[in-house]
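Notes follow once the structure below has been shown.
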Amino acid sequence: MKILSEEKKAPQKFGLFILIFLRPLLAGFFIILLIWTSGYSSSSLENPVQPRIVGSALGPKANPFLQPGPFIASWRILQERAPFFEDLPDTSSSQLLHLSFEDKRGENNRLLRAEAQEARGNMAKEKSQKEPAKEESRQEAVLKPEFKNIKEKTGVYAFLAWLWLIIAVLIYVLGEQIKEADRRHRLGI
Amino acid sequence: MKPNGRRSRKKIQAWWEARIGWQAVLSFLRQKKVPQTPHTVWLYTGSLILLFFVIQIVTGVILALYYKPTIAEANESVRRIMTEVPLGWLIRSLHFWSATGMIATVFVHMVSIWLLKSYRRPRELTWMTGVFLLVFTLGFGFTGYLLPWDSLSLAATKVGTDIPRVIPVVGVWVSKFLRGGEDVGADTLTRFFIFHVCVLPLFILLFVGLHLFLIQKLGMSQPLRYEIKGMKAPEIPFWPNFVLREARVWLLAFGLLVTISIFLPRSLGPQAEMMAPTPTGIKPEWYFLFLFQTLKLFPGHLILISGETLAVWLILTVLAIFFFLPFLDNRPAEKKGKIITAVSIALILYALAMTIWSLVS
């Protein structure tokens, strides 16, 4: 009778096993899916480099050099010349800004233009010198994998902790199942 | 609700039963017995290989979605997998470590079969299909090593594909066939990619199927101790007793694999340059180190033939002996086979010593 009653309980035990076994697995699957899909871009073209705009074009609030006050007139001059300052490094724009402060009435426009052209030329020169070296160092370097950000790092460590917890629980559950299976085998059921 | 649920479950079971007949399969698995002795631990290695193989397939498919098998893009695509694809570095690391685990487990599995003399009659074909599976697994390792197209893998492949040249008649052809030309280049990469993702998986699946069929048909061998005494070892049913035990091993192996992959991720070398000089200190992966060191041991010339030729012939002879072992040691199962055991242990120690020597040198 006892054996029969235990046999009847078997589907319930199986259901409980599924409950214990599948739910954490599903939860873990969704954690992995979450980590997997977060921040993914299929191409670097989808994350283009944002066009850099010189501080002057953004107005006084964007640049500490361009605070409202006596320099506001200079800022207006620079606003008119905004396309002229595009793609210049910050240092150059600061230097040019300084120049323009000296040249509030725009008398020295030619000098300003010449300075900007020189800065642009220097920048192109620097770029052409740096790029092969950068490319060379990139090719020579051994890429060691690392976490992209703290979010990924936390996610991966949380997943690892969850994985070992699930493994411990499942090993315990499997141990119980083995005992039951061995008992049934001994009894010849 | 419950009776309805049970009824619908039974309906689903009946639907599948009418089409597949899975109860017959379960009944067969319940009838199948596995010896329950201290040697049973070696039996887990077989299913562990399958676990690693499944992980290889899953991670390999994910990597193949982003990998580009051309010399211009291969290294860059792997770099992109590691830096841009979310957790791409982890997937690659899992692929690498599961490959390492698979090869290590295949070695352990074969050594255990060898020492337990489980290859003897009537399991000769099981052993021979196992040797094929070992060769295919090593083939996976060899072809997969080139795919990131970094300087070390290029140099190692040049050395590796040069070795068959010393075999008379077919050697040069084999080398050219592997390389897709005279030298390692774009065609080699394409070929190795095709071997790695199409040819070898097809062969390995075919031979795994055959191997498993033979194991099911012939059953698992008894340990020598019981064969000598003429006793029957205690047994347990394969389903569910043995499968549940195996499941514990799979869980532990999977946990260890993920942990190792996170803490020891696989790095990527700089892009291979065809015209660049061979980098210093090139070495193959650990599973080829003993062969590599053996080749290094031989002098340039030995009387009439080159040392390399002699070494390759020696290795091929050992492989042939390994393959035909069941026919060389075809004594009844209850014979101990002390010489075979001694030779086996000597060869294992030699392989270990050569590997360590190569690692430290």
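Sequence lines set the chain letters: A, B, ... in the order given, protein chains first and strands last, and positions in each chain run from 1. All values derive from a computational prediction rather than experimental measurement.
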Non-hydrogen side-chain atoms of Val142(A) and Leu268(B) separated by less than 4.5 Å: no
Pairwise side-chain contact, Trp164(A) with Val258(B), heavy-atom cut-off 4.5 Å (strictly under): no
Give, as side chain, backbone, both or neither, the part of [X] having an atom under 4.5 angstrom from any heavy atom of chain A.
| X | answer |
| --- | --- |
| Glu235(B) | backbone |
| Thr83(B) | both |
| Arg266(B) | backbone |

Region of Ile171(A) in contact with chain B, defined by heavy-atom distances below 4.5 Å: both
Just checking [X]: does its [atom1] atom have more than 12 heavy atoms from other residues, nucleotides or ligands closer to it than 6.0 angstrom?
| X | atom1 | value |
| --- | --- | --- |
| Glu146(A) | CD | no |
| Trp286(B) | CH2 | yes |
| Trp42(B) | CH2 | no |

Gap separating the [atom1] atom of [X] from the [atom2] atom of [Y], nearest 0.5 angstrom:
| X | Y | atom1 | atom2 | answer |
| --- | --- | --- | --- | --- |
| Lys148(A) | Met82(B) | NZ | CE | 12.0 Å |
| Asn241(B) | Arg183(A) | CG | CZ | 12.0 Å |
| Leu87(B) | Glu152(A) | CG | CD | 5.0 Å |

Give me the atom names and distance for the closest heavy-atom approach of [X] to [Y].
| X | Y | result |
| --- | --- | --- |
| Leu174(A) | Ala247(B) | CD1-CB, 3.8 Å |
| Asp182(A) | Arg245(B) | OD2-NH2, 2.6 Å |
| Ser267(B) | Pro145(A) | CA-CD, 3.8 Å |
| Ile167(A) | Gly255(B) | CD1-CA, 3.5 Å |

Intermediate values then yes/no, side chain to side chain contact (heavy atoms under 4.5 Å, CB included), Arg248(B) and Ile178(A): CA-CA 10 Å; Arg248(B) 286 197 302 195; Ile178(A) 290 165; 3.7 Å; yes
Aromatic plane relationship, Phe263(B) with Tyr157(A) - under 30° parallel, 30 to 60° tilted, over 60° perpendicular: parallel
